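Okay, so here's the structure we're looking at.
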Amino acid sequence: MKFSVLNVIALTTLGVFGANVASAQETERHIMAAGAGSTQGLIAEDIAGLGDRCGMPLSVVASKGALESFFGVRNRHNTQFGIVDGDLLNYLNSYKTENKDVKDAVQGMRIMLPLFDAEVHVVAPAGIDNLQDLRGKRIGVGEKDSTAYLTSQLMFDILRIPVAERVTGSTDEMIELLRQGEIDAIIRVAGAPVEALADKRIDNTFHLVPITDELLRASYKSVTIPAGTYPYQKTAVQTVSVKTLLMTYEYGTGKNAYYNTSCKAVADVTSLIVDNIDKLRQSGHPKWKDVDLTEVPKGWEIGMCVRKGLDPNYKVSCSQATTSENQDYLNLLGERLKH
């Protein structure tokens with residue numbers, strides 16, 4: 001594949017793994033997910049909300065994509081959770097037996113829970129009716145190391161489709177370049193509906209390109225984006241999706257106090273998600289309705305701390321959530337305004 005193993009290796013050297021330097025007293029909880037406002041980010045906010053209501057604050061940290069989220073769990077201080085796309089795991093899994101650096105990079109990383117399917121969106125003008133029509137074209141693939149950046153490379157490699165250029169940038173920048181004719185298509189991988197792709201600049205001269213290539217079926221799940229999901233999409237469109245997963249690290253070895261407190265955090269959050277999955281489906285992001293907790297990818301282990309949290313006898317001890325120092329004022333103000 002053209003995607004460089006060096007990209008993976010470089011990210012593993014960004015910092016010392018937080019578990020080796022943090023003390024139990026200063027342990028915090030962070031979850032990394034693709035940028036604010038994305039489906040991943042909103043799902044992470046829902047998870048953080050469970051922690052907040054239990055008196056266990058969980059901070060959401062925006063990343064540029066799957067690579068940063070994956071290695072954030074491995075390298076970043078007090079970051080026990082990361083939302084990662086299955087594409088990256090498949091890639092790493094295929095190289096870990098033949099490349100020592102990749103093997104070292106994935107050492108200790110564990111699946112926590114499978115989440116939603118992220119649909120591959122390809123937006124293009126009339127005349128581009130399938131992926132083969134993108135040969136020799138300029139494609140907007142999002143930020144470097146984003147899910148779209150990685151997935152587009154893997155898909156084009158599988159289909160042997162050479163493109164003229166893979167242009168990087170924010171979704172807003174990609175939409176403007178598409179509107180001006182500077183690029184020929186945008187690829188975005190996220191749970192539908194994607195708010196950014198409902199932008200009014202994408203008018204009826206554009207459409208969602210179907211993805212029906214047989215070669216992709218071995219690596220991707222075929223799904224349908226219903227008609228009317230986006231203003232310019234009048235009919236249902238077949239595409240493929242990427243499984244999104246919640247990742248953690250293997251803290252169950254009890255190596256030090258940090259490992260012990262982080263293991264408890266993983267067990268607690270696992271238990272909270274599973275116990276509240278019906279509530280999340282009712283009032284959380286719409287993609288919670290698609291979550292199937294049994295869809296665990298092959299080739300990756302479930303963490304010991306995750307299994308601990310799944311034990312029927314495991315109980316989360318929720319504490320009273322910290323109240324604002326001005327809460328009394330706000331309560332009194334609320335009562336006064338009722339009169």
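Treat the numbers as computed from the prediction; the structure is a model and nothing was measured. Residues: numbered from 1 along the sequence shown.
Salt-bridge check for Lys243 with Asp290: failed, with every basic side-chain N at 4.0 Å or more from each acidic carboxylate O. No salt bridge links Arg307 with Asp311; every basic N to acidic carboxylate O contact stays at or beyond 4.0 Å. Under 4.0 Å is where a charged nitrogen must lie from a carboxylate oxygen, and between Lys221 and Asp117 at least one such pair does. With salt bridges taken as basic N to acidic carboxylate O contacts below 4.0 Å, one links Glu250 and Arg110.
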**Request:** Would you sort out whether Arg201 and Asp172 count as a salt bridge (charged side-chain N to carboxylate O under 4.0 Å, His left out), showing the intermediate values?
**Result:** CA-CA 10 Å; Arg201 289 173 292 176; Asp172 182 69; 2.6 Å; yes

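A heavy-atom distance below 4.5 Å is not found between the side chains of Val163 and Lys137. A heavy-atom distance below 4.5 Å is found between the side chains of Lys234 and Asn204. At least one side-chain heavy atom of Leu50 sits under 4.5 Å from a side-chain heavy atom of Ile273. For the pair Asn260/Tyr258, no side-chain contact is recorded, criterion being any heavy-atom separation below 4.5 Å from C-beta on. With a 4.5 Å cut-off on side-chain heavy atoms, Asp87 and Thr147 do not count as touching. A 4.5 Å side-chain heavy-atom check between Phe81 and His30 finds every atom pair outside the cut-off. Contact of the Ile47 side chain with the Val269 side chain is registered, since non-hydrogen atoms from C-beta on lie closer than 4.5 Å. Counting only heavy atoms from C-beta outward, the side chains of Met32 and Phe70 never approach each other to under 4.5 Å.
Glu301 places no side-chain N or O within donor-acceptor distance of the main-chain N or O of Met109, the cut-off being under 3.5 Å. In this structure, the side chain of Thr294 does not engage the main chain of Asp292 through any donor-acceptor pair within 3.5 Å. In this structure, Thr168 contributes its side chain and Gly142 its backbone to no donor-acceptor pair below 3.5 Å. In this structure, Asn130 contributes its side chain and Asp133 its backbone to a donor-acceptor pair below 3.5 Å. Under a 3.5 Å cut-off, the side chain of Thr224 and the backbone N or O of Pro226 do not form any donor-acceptor pair. A side-chain donor-acceptor contact under 3.5 Å links Asn256 to the backbone of Tyr259. Of the possible polar contacts, none joining the Gln40 side chain to the Thr244 backbone as a donor-acceptor pair under 3.5 Å is found.
Few gaps surround CD on Gln238; more than 12 heavy atoms of other groups in view lie less than 6.0 Å from it. Within 6.0 Å of atom NZ in Lys279, 12 or fewer heavy atoms from other residues, nucleotides or ligands are found, so the atom counts as exposed in its surroundings. Remark: Glu165 CD is packed, more than 12 non-hydrogen atoms of other residues, nucleotides or ligands lying under 6.0 Å away. In this structure, Gln132 places its CD atom where more than 12 heavy-atom neighbours from other residues, nucleotides or ligands lie under 6.0 Å away.
Side-chain heavy atoms closer than 4.5 Å link hydrophobic residues (I, L, V, M, F, W, Y) into clusters, and following such links, even through other members, never connects Leu42 to Val61. Note: the hydrophobic cluster containing Val223 does not contain Val194 (ILVMFWY, side chain heavy atoms under 4.5 Å, direct or indirect links). Residues Ile111 and Tyr251 are members of one and the same hydrophobic cluster, defined by side-chain heavy-atom contacts under 4.5 angstrom among Ile, Leu, Val, Met, Phe, Trp and Tyr. Clustering ILVMFWY residues whenever any of their side-chain heavy atoms sit less than 4.5 angstrom apart, transitively, puts Met174 in a cluster other than the one holding Leu150. Leu177 and Leu134 fall into different hydrophobic clusters, where Ile, Leu, Val, Met, Phe, Trp and Tyr are joined by side-chain heavy atoms under 4.5 Å apart, directly or via other members.
Rounded to the nearest 0.5 Å, atoms CG (Leu245) and CH2 (Trp300) are 10.0 Å apart. For the atom pair CZ (Arg29) and NZ (Lys264), the distance works out to 7.5 Å, reported to the nearest 0.5 Å. Note that CD1 of Ile211 is 11.0 Å distant from CD of Glu119, once rounded to the nearest 0.5 Å. For the atom pair CZ of Arg135 and CG of Asp184, the computed distance is 14.5 Å after rounding to the nearest 0.5 Å. Taking NZ from Lys308 and SG from Cys263, the interatomic distance works out to 5.0 Å, rounded to the nearest 0.5 Å. The distance from atom CD of Glu68 to atom CZ of Arg76, rounded to the nearest 0.5 Å, is 8.5 Å.
In this structure, His285 has its ring center at least 6.0 angstrom away from the ring center of Phe116.
Side-chain polar atoms of Arg188 and Thr171 form a donor-acceptor pair below 3.5 angstrom. Of the N and O atoms on the side chains of Gln282 and Asp278, not one donor lies less than 3.5 Å from an acceptor on the other residue. In this structure, a donor-acceptor pair under 3.5 Å is present between the side chains of Thr205 and Asp203.
Judged by the 6.0 Å distance and 45° axis criteria, Arg166 is positioned over the aromatic ring of Tyr149.
Remark: of the listed residues Thr270, Val84, Ile83, Val73, Ile83 is the sole one forming a side chain to side chain contact (heavy atoms under 4.5 Å, CB included) with Leu246.
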